[in-house]
Engineer: 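Have a look at the structure that comes next, please.
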Amino acid sequence: MSTPPDPHQQPGPNRPGPGGRGSDLSTSSTGLIKALFDFNFDTFITPKIVKIVYVVATVLVGLATLGMIFSALAMMTDGGVAVLLGLIFLVAAPILGLVYLAFIRMSLELYYAVIRLSEDVHHGPGRL
């Protein structure tokens, strides 16, 4: 039976830090392509690509918002009731863009938190 780890002991070569083995996944020598084809799922890829996915999603939401704004402006040139509807879309487009971006961010944070939790459970202090 092993003794419980001392909570005041500093991380060292024989004791991983708070993130366990997975905390340094982004700096490991395992390449992204190699990790994609890891059929044993020994390497988590989410921490490596979450920033890239968020940047791509931000650009796409920005382009969609601009498209909605231009559509609203085009709608306003038709006259009549379309002007009022165009004004509503003009105000709603940035709000919808921010809401979509918030949901994307929350989803990515959830995925990332689950991976970090899994890393800590499987490779945290007291486990090798």
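Every value quoted in this text rests on a predicted model; they were computed, and no experiment measured them. Start at 1 with the first residue, then count along the sequence.
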Engineer: Only distances under 3.5 Å count here; give the side-chain donor-acceptor pairs of residues 61-71 to other protein atoms, sequence neighbours excluded, each with its distance to 0.1 Å.
Structural biologist:
unit_1 : atom_1 : unit_2 : atom_2 : d
Thr65  : OG1    : Val61  : O      : 2.8
Ser71  : OG     : Gly67  : O      : 2.9

Engineer: Which pairs count as salt bridge (charged side-chain N to carboxylate O under 4.0 Å, His left out) when at least one residue sits in residues 62-77, sequence neighbours excluded?
Structural biologist: none

Engineer: Suppose clustering is done on Ile, Leu, Val, Met, Phe, Trp and Tyr with side-chain heavy atoms closer than 4.5 Å. Which residues sit in the same group as Phe89?
Structural biologist: Met75, Leu85

Engineer: Which atoms form the tightest heavy-atom contact between Met76 and Leu87, and what is the distance?
Structural biologist: CE-CD2, 3.7 Å

Engineer: Mind listing the side-chain donor-acceptor pairs of residues 104-111 below 3.5 Å, one per line with the distance, residues two or more places apart or on another chain?
Structural biologist:
unit_1 : atom_1 : unit_2 : atom_2 : d
Arg105 : NE     : Glu109 : OE2    : 2.7
Arg105 : NH2    : Glu109 : OE2    : 3.4
Ser107 : OG     : Phe103 : O      : 2.9

Engineer: Hey, what do you get for CD1 (Ile115) to NZ (Lys48), rounding to the nearest 0.5 Å?
Structural biologist: 12.0 Å

Engineer: Would a hydrophobic clustering, with Ile, Leu, Val, Met, Phe, Trp and Tyr connected at side-chain separations under 4.5 Å, put Val53 with Ile33?
Structural biologist: yes

Engineer: Using the test side chain to side chain contact (heavy atoms under 4.5 Å, CB included), find all partners of Phe39 that sit at least two apart in sequence or belong to another chain.
Structural biologist: Phe37

Engineer: Listing request: all side-chain hydrogen bond (donor to acceptor under 3.5 Å, both in side chains) pairs with a residue in residues 80-92, at least two apart in sequence or in separate chains.
Structural biologist: none

Engineer: Please identify each residue that fulfils side chain to side chain contact (heavy atoms under 4.5 Å, CB included) with Asp78, with sequence neighbours left out.
Structural biologist: Ala82

Engineer: Would you compute the distance between atom CZ of Phe44 and atom CG of Asp38 and round it to the nearest 0.5 angstrom?
Structural biologist: 10.0 Å

Engineer: Quick one: which residue pairs count as a salt bridge (charged side-chain N to carboxylate O under 4.0 Å, His left out) with a foot in residues 84-101, not counting sequence neighbours?
Structural biologist: none

Engineer: Restricting to non-hydrogen atoms, name the atom on Gly86 and the atom on Ala72 that form the minimum distance, rounded to 0.1 Å.
Structural biologist: O-CB, 3.4 Å

Engineer: Quick check: do Tyr54 and Leu101 have side-chain heavy atoms less than 4.5 Å from each other?
Structural biologist: yes

